[in-house]
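Scroll down for the structure; my scribbles are underneath it.
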Amino acid sequence: MPVSARVPLVDLTGSDAPGPDRDAVVATIAKACTDVGFLVVRGHGVADEAIREIESAAREFFALPEDEKLRCTRTGGAYRGFTPAQRSALAASRDVETPPDLCELFTINRFDDPDVARRSGLEPGREAFFAPNVWPDEPERFRGAFERYYGIMEELAARLMRLMALALDLDEDWFADKLTDHITNLTVNHYPEIATPPAPGQLRRGEHSDWGSLTILYTDGEPGLQIRSPAGVWEDIPMVPGAFVINLGDLMARWTNGRWTSTTHRVVVPSDVRGDRISIAFFQQPAYDALIECIPTCATPDAPSLFEPITSGEWIVSMLDKTLY
């Protein structure tokens, strides 16, 4: 069942065990990842309460005075905490010059525990990347809501990667050791109400592809997310209540030798909607030192590897350096 002309709606119910339900889900995932790199999933098992909790806590934080939010800005180059609106431009990751994006962010990772940071790749010279989180004092429930949601998304991402491994004719646990010490960011994007017309070419989020293996995206239902078709036409992604948008990132495209697609997308300002908007993105990123090279089932003598191997950490740091001011 499609969400749009090319993006399917997939029900994950019954897909954890071998059988016809799993086979159907795997086949749909394989086609969607090849054709468009986007799908929408329901039957994911994530409780509405966990989503409402993080969305409510995030809205309460973003409603604080700017000077209070600025106390949580990243320091020392660390990719954590609050990023004010118009301090990032995602189109820069594709070397496209645009005005800064009309989006403010709050980002966390899993490195509050020094042992977790060391296992995940902390070495001299990487301290900024593996820095602990920056937590606000208010609202009090903010940290708990973010940490609970992060843990739930870890489980859902692992579930999706098992299905994707099967879709690539691999053992379902093929990706597991590359993701055990993952370096995933969880980012809440807040798109403030548009009070004045944007500058020419200015978007809520400029055109970009995501950078990791996959992204699990929740949105509050407000429109604006678009993908670019192979013909260069921008297509709206309709929002499905209770579902997540899943899209592939650049590292998955590299892993699959270009068989699977990391599709360019953006968030526009709809002409008839100027209110604020929230989205919550779990950007699954393999372990810092995981070598991303062609998966064995994705290369043949007639289709050799297209990409030079690169580590997950090298890639993500290069993208962050391009896009954050």
Side-chain angles (χ1 to χ4, degrees), residues 37 72-109 111 120-123 125-131 133-134 182-191 198-215 217 225-228 232 234 247-255 258 261-268 279 281-293 306-325:
C72 294
T73 51
R74 60 195 183 97
T75 57
Y79 307 109
R80 303 284 178 274
F82 176 63
T83 301
Q86 305 198 57
R87 289 279 297 275
S88 63
L90 282 183
S93 65
R94 306 183 72 82
D95 298 319
V96 176
E97 289 191 20
T98 65
D101 294 342
L102 297 169
C103 180
E104 56 183 352
L105 326 169
F106 199 99
T107 298
I108 71 162
N109 209 296
F111 304 129
S120 300
L122 174 60
E123 296 177 359
R126 298 181 181 176
E127 291 84 359
F129 189 89
F130 289 95
N133 292 307
V134 182
H182 67 88
I183 53 173
T184 300
N185 277 349
L186 172 65
T187 296
V188 177
N189 303 295
H190 179 238
Y191 306 95
Q202 190 170 38
L203 302 176
R204 282 182 153 172
R205 257 342 201 170
E207 63 177 272
H208 64 285
S209 56
D210 288 351
W211 307 329
S213 41
L214 63 80
T215 300
L217 181 71
L225 178 62
Q226 297 181 330
I227 61 172
R228 189 164 64 192
W234 290 103
N247 65 277
L248 304 183
D250 297 338
L251 291 189
M252 185 62 84
R254 295 177 76 104
W255 247 335
T261 304
S262 177
T263 294
T264 303
H265 51 287
R266 66 184 186 179
V267 180
V268 300
S279 67
F282 186 82
F283 295 111
Q284 189 196 54
Q285 187 76 23
Y288 195 98
D289 291 309
L291 188 65
I292 310 302
E293 55 186 347
L306 299 172
F307 305 102
E308 290 295 322
I310 191 169
T311 66
S312 170
E314 289 175 313
W315 179 254
I316 189 68
V317 169
S318 71
M319 293 294 103
L320 289 166
D321 286 345
K322 274 185 165 185
T323 58
L324 292 175
Y325 298 163

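Numbering of residues begins at 1 and proceeds along the displayed sequence.
Ser213 contributes a side-chain N or O that, together with a main-chain N or O of Gln284, makes up a donor-acceptor pair within less than 3.5 Å. Counting only distance, with no hydrogens or angles, the side chain of Gln226 and the backbone of Val267 share no donor-acceptor pair below 3.5 Å. With hydrogens and angles disregarded, no donor-acceptor distance shorter than 3.5 Å links the side chain of Arg228 to the backbone of Glu207. With hydrogens and angles disregarded, no donor-acceptor distance shorter than 3.5 Å links the side chain of Arg87 to the backbone of Cys103. Between the Glu104 side chain and the Tyr191 main chain, no donor and acceptor come within less than 3.5 Å of each other.
Side-chain contact between Leu122 and Tyr288 is absent, with no heavy atoms from C-beta onward closer than 4.5 Å. Between Pro286 and Leu251, some side-chain heavy-atom pair lies under the 4.5 Å cut-off. At a threshold of 4.5 Å between non-hydrogen side-chain atoms, the residues Tyr79 and Asp321 count as touching. Side-chain contact between Gln202 and Pro100 is present, with heavy atoms from C-beta onward closer than 4.5 Å. Contact check for Arg204 versus Val268: no side-chain heavy atoms found under the 4.5 Å cut-off. Counting heavy atoms from C-beta on, the side chains of His265 and Leu225 come closer than 4.5 Å.
Between Pro99 and Gly201 the shortest heavy-atom distance is CD-O, 3.7 Å. Taking all atoms of both residues into account, the shortest heavy-atom contact from Ser279 to Leu217 is CB-CD1, 3.9 Å. Phe307 and Gly258 get closest at one heavy-atom pair: CE1-N, 3.8 Å. In terms of heavy atoms, Ala131 sits closest to Arg80 at O-NE, 3.2 Å.
Atom CZ of Phe82 sits about 10.0 Å away from atom NE2 of His190, to the nearest 0.5 Å. Expressed to the nearest 0.5 Å, how far OG1 of Thr184 lies from CZ of Phe282 amounts to 4.5 Å. To the nearest 0.5 Å, atoms CG (Asn133) and CG (Asn109) are separated by 6.5 Å. For the atom pair CD1 (Ile310) and CD (Glu293), the distance works out to 12.0 Å, reported to the nearest 0.5 Å. Between the CG atom in Leu90 and the CG atom in Leu203 there is a gap of 10.5 Å [rounded to 0.5 Å]. In this structure, the separation between CH2 on Trp211 and CZ on Phe283 is 7.5 Å, given to the nearest 0.5 Å.
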* I would like to know whether Thr107 and Asn185 meet side-chain hydrogen bond (donor to acceptor under 3.5 Å, both in side chains); could you show each step before the answer? => CA-CA 6 Å; Thr107 298; Asn185 277 349; 5.3 Å; no
* To do: With side-chain hydrogen bond (donor to acceptor under 3.5 Å, both in side chains) as the test, would you mind laying out the steps for Asn247 and Asp210 before giving the verdict?
  => CA-CA 8 Å; Asn247 65 277; Asp210 288 351; 2.9 Å; yes
* Stepwise side-chain hydrogen bond (donor to acceptor under 3.5 Å, both in side chains) test for Arg205 and Ser88 -> CA-CA 9 Å; Arg205 257 342 201 170; Ser88 63; 2.8 Å; yes
* Give the intermediate values and the outcome of salt bridge (Lys or Arg N to Asp or Glu O under 4.0 Å) for residues Arg126 and Asp289. => CA-CA 12 Å; Arg126 298 181 181 176; Asp289 291 309; 3.0 Å; yes
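Between Asp101 and Arg266, no side-chain nitrogen of the basic residue sits less than 4.0 Å from a carboxylate oxygen of the acidic one, so the salt-bridge criterion is not met. We find that Asp95 and Lys322 are joined by a salt bridge, their nearest charged nitrogen and carboxylate oxygen being less than 4.0 Å apart.
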